[in-house]
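Structure, as structure tokens:
Below, each value reflects all heavy atoms present in this structure, side chains not excepted, and no hydrogens, waters or symmetry copies.
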Amino acid sequence: MADQVSLLRDTPLPTQASEFRARILRRGEKQMDWLKTHYQQQITYDELVDANAGPRRAAAPLFDYLNTLDSSELQARRQAADASILAMGITFTVYSEAGNIDRAWPFDIIPRILSSTEWSKIEEGLKQRLQALNLFIDDLYNEQRIVADGVFPAEVLTGSRNFREACRGVHPPFGVWAHICGSDLVRDADGTVYVLEDNLRVPSGVSYMLENRQIMKRLFPELFKSSIIRPVDDYPNRLYETLAALSPRPDEKPVIAVLTPGIYNSAYFEHSYLAQQMGAYLAEGADFYVSKEDIVYLRTISGLQRVDVIYRRIDDDYLDPEVFFPDSALGIPGLLRAWRRGNVAIANAPGAGVADDKVVYAFVPEIIRYYLDAEPIIPNVPTYLCMRDADRDYVLNHLAELVVKPANESGGYGMLIGPRASQAERDRFAELIRANPRNYIAQPTLNISTAPTLVDDHLEARHLDLRPFILQADKMYVTTGGLTRVAMQPGSLVVNSSQGGGSKDTWIVDEEAPCFPE
């Protein structure tokens with residue numbers, strides 16, 4: 001392992017911007033055609049190059065820099081990145097019939113570039129979306145005005161698997177239920193950015209975003225010196241501030257705990273990472289105790305410690321065996337009692353998943369208009385609701401052209417990608433849709449954008465998405481970029497790491513800044 005880690009230290013990397021600039025100039029114009037010759041993007045929007053195989057404006061410094069590297073240099077940096085990931089123990093867990101498998105985090109060293117101008121609009125759109133969704137959730141658990149006014153169908157609420165009766169009548173601090181949201185964005189072939197889905201229950205991936213950036217700073221210090229790349233490392237502080245603002249004891253320093261299912265959970269690395277970065281406790285359900293006064297305590301080596309805020313990383317069903325699954329060994333008996341009395345804050349709040357439903361997703365534009373009296377800044381992907389007769393007929397007649405998704409699955413599971421499915425698979429989904437139309441939506445198969453990805457010793461185009469993270473309590477915050485997930489198989493649209501996807505660092509850059517400091 002020491003020899004592998006030394007790759008990261010010993011790979012010859014220019015460290016001064018002037019040296020970087022001179023290196024590019026020395027290579028000459030002939031070398032500058034390397035990407036045009038060796039990188040063949042697919043017939044869609046590419047995040048690095050335009051239709052003429054030249055660089056997009058914000059990506060010009062990276063484009064020029066890649067043209068100075070040959071395949072051996074790229075390979076050396078990838079080996080250094082892989083060794084660093086192994087040395088730092090950055091892993092995720094894949095669940096399979098053969099058992100749980102810990103795997104090193106899949107990472108591609110070619111970053112994904114977005115301009116600061118484009119990002120400003122995306123950031124505002126994400127804030128708008130989460131603000132409206134939190135107003136929607138708060139309304140559903142209280143007055144249900146949006147249902148009474150006929151904007152949101154009562155039958156959709158009735159059929160919601162994630163609506164929690166135990167949360168009726170609760171008013172959490174600031175009226176916020178989903179404090180941490182991870183919204184997945186995709187770009188279509190014409191360059192339009194869409195929200196593909198909102199993750200409002202226990203969104204994961206932010207720790208990998210942070211670690212990806214640390215690795216890239218070590219691999220490409222010259223690029224960070226020569227370009228204005230907006231930082232992401234303030235996220236743990238912003239998360240702490242968001243959670244601290246929820247404390248029921250505002251005059252005292254809040255005690256925050258991360259509730260984890262334990263070491264066998266696929267996102268345990270993230271749970272421990274964020275707890276360590278925030279200076280919070282990392283604990284399992286059995287480590288907590290709820291008193292007869294409905295106050296939550298944590299058992300520590302120094303005795304019982306009152307807890308003010310719980311950042312829970314387990315689903316509602318397992319959160320409190322007194323209210324949800326009675327056999328749950330992961331949750332905290334009595335937690336809902338303490339939360340309802342306002343003695344502890346929970347992020348995300350129980351019941352927030354009512355808006356984490358792909359059927360609800362189809363109504364988000366109307367939700368924004370209803371609560372904010374504004375047009376959505378970022379559009380939804382056009383969506384067919386199989387619960388509607390006309391939509392269902394269309395979907396059943398066009399399964400070969402559509403992507404069909406169940407309402408509450410995640411991780412890319414349970415969906416049909418019609419153009420790549422067999423007739424037998426399409427027939428099976430037709431039966432599922434007819435049996436339970438409320439549970440399915442369908443969308444056109446987008447030709448989502450690509451970016452160059454290092455495959456063996458060369459670059460190939462791979463499809464990708466982007467998961468930014470949005471925080472809301474007394475104020476809002478959006479990460480500068482997010483976790484770019486990559487479909488590592490050629491032509492694949494499935495980016496989830498559990499199904500073979502990888503990741504990239506995401507750079508938000510100022511396209512008006514000079515490529516090199518004078």
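With values rounded to the nearest 0.5 angstrom, K405 atom NZ is found 4.0 Å from Q443 atom CD. Rounded to the nearest 0.5 Å, atoms CD1 (I441) and CE (M415) are 10.5 Å apart. E124 CD to I122 CD1: the interatomic distance, rounded to the nearest 0.5 Å, is 11.5 Å. Of the inter-residue distances, the one linking Q131 atom CD with L372 atom CG reads 5.0 Å to the nearest 0.5 angstrom. How far CG of L157 is from CZ of F152: 6.0 Å, rounded to the nearest 0.5 Å. To the nearest 0.5 Å, the span separating CD1 on I448 from NE2 on H463 amounts to 6.5 Å.
With a 4.5 Å cut-off on side-chain heavy atoms, F163 and R168 count as touching. A heavy-atom distance below 4.5 Å is not found between the side chains of V156 and L385. Side-chain contact between V486 and R112 is absent, with no heavy-atom pair separated by less than 4.5 Å. Residues K504 and T453 form a side-chain contact, since some pair of their non-hydrogen atoms from C-beta on lies under 4.5 Å apart. A heavy-atom distance below 4.5 Å is found between the side chains of V359 and R438. With contacts defined as side-chain heavy-atom distances shorter than 4.5 Å, the pair E425/L416 qualifies. Looking only at side-chain heavy atoms (C-beta outward), L135 and I367 stay at 4.5 Å or farther from each other. Side chains of I433 and L399 form a contact here, defined as non-hydrogen atoms less than 4.5 Å apart.
The aromatic rings of F429 and Y440 sit perpendicular to each other, their planes meeting at more than 60°, with 30° as the lower class boundary. Classification of the Y477-Y235 ring pair by plane angle, with boundaries at 30° and 60°, yields tilted.
Electrostatic pairing of E431 and R428 does not count as a salt bridge here, judged by no charged N lying under 4.0 Å from a carboxylate O. For the pair D294 and R340, the salt-bridge criterion is not met [side-chain N within less than 4.0 Å of a carboxylate O]. Taking the charged nitrogens against the carboxylate oxygens, D505 and R213 do have a contact shorter than 4.0 Å, which makes a salt bridge. D317 and R164 are joined by a salt bridge, as a carboxylate oxygen and a charged side-chain nitrogen come within less than 4.0 angstrom of each other. Using a 4.0 Å cut-off between charged side-chain N and carboxylate O, R187 and E118 make a salt bridge.
In terms of heavy-atom proximity, P376 sits nearest to I368 at CB-CD1, 4.0 Å. Between D233 and L210 the shortest heavy-atom distance is CA-CD2, 4.2 Å. Between L130 and C181, the shortest heavy-atom contact is CD1-CB, 3.8 Å. Heavy-atom minimum distance, I310 versus F288: CD1-CE2, 4.2 Å. Considering every non-hydrogen atom in both L493 and L446, the closest pair reads CD1-O, 4.1 Å. In plain terms, the two heavy atoms of P406 and G414 that are nearest each other are CD-O, 3.1 Å.
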**OP:** Begin with the C-alpha distance, continue with both residues' side-chain angles, and end with the deciding distance and a verdict on side-chain contact (heavy atoms from CB on, under 4.5 Å) for M476 and L471.
**Re:** CA-CA 5 Å; M476 300 190 78; L471 304 178; over 6 Å; no
Original post:
Can F363 and F136 be said to form a ring pair (Phe, Tyr, Trp, His ring centres under 6.0 Å), step by step?
Top reply: CA-CA 11 Å; F363 291 92; F136 170 70; 8.8 Å; no
**OP:** Could you walk me through whether F224 and W507 pass ring pair (Phe, Tyr, Trp, His ring centres under 6.0 Å), step by step?
**Re:** CA-CA 10 Å; F224 283 87; W507 293 0; 5.0 Å; yes
Original post:
Can you check side-chain contact (heavy atoms from CB on, under 4.5 Å) on L319 and L259, steps first, answer last?
Top reply: CA-CA 9 Å; L319 198 55; L259 172 60; 3.9 Å; yes
**OP:** May I have the step-by-step check of side-chain contact (heavy atoms from CB on, under 4.5 Å) for S503 and N212, ending in yes or no?
**Re:** CA-CA 8 Å; S503 71; N212 286 354; 3.2 Å; yes
**OP:** For the pair L335 and E322, evaluate side-chain contact (heavy atoms from CB on, under 4.5 Å) and give the outcome as yes or no after the intermediate values.
**Re:** CA-CA 9 Å; L335 178 60; E322 288 185 3; over 6 Å; no
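Remark: side-chain polar atoms of D308 are not paired, donor with acceptor, to backbone N or O of S247 under 3.5 angstrom. In this structure a side-chain-to-backbone donor-acceptor pair under 3.5 Å is missing from D198 to A355. With E270 contributing its side chain and S207 its backbone, the two residues share a donor-acceptor pair below 3.5 Å. Q472 places no side-chain N or O within donor-acceptor distance of the main-chain N or O of V176, the cut-off being under 3.5 Å.
For the pairing with R467, the side-chain hydrogen bond (donor to acceptor under 3.5 Å, both in side chains) check across T479, T506, T484, D184 returns one residue only, D184. Just one of D356, D315, D316 meets the side-chain hydrogen bond (donor to acceptor under 3.5 Å, both in side chains) condition when paired with R201; it is D356.
Within 6.0 Å of CG on D149 lie more than 12 heavy atoms contributed by other residues, nucleotides or ligands.
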Without placing hydrogens or testing angles, list every side-chain donor-acceptor pair under 3.5 Å for residues 324-333, not counting sequence neighbours.
from, atom 1, to, atom 2, distance (Å)
S328, OG, Y318, O, 2.9
S328, OG, L330, N, 3.2
S328, OG, G331, N, 3.4

Side-chain donor-acceptor contacts of residues 272-286 below 3.5 Å, not counting sequence neighbours, with atom names and distances?
from, atom 1, to, atom 2, distance (Å)
S272, OG, Y268, O, 3.2
S272, OG, F269, O, 3.0

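A donor and an acceptor atom, one from each side chain of Y311 and R313, are located under 3.5 Å apart.
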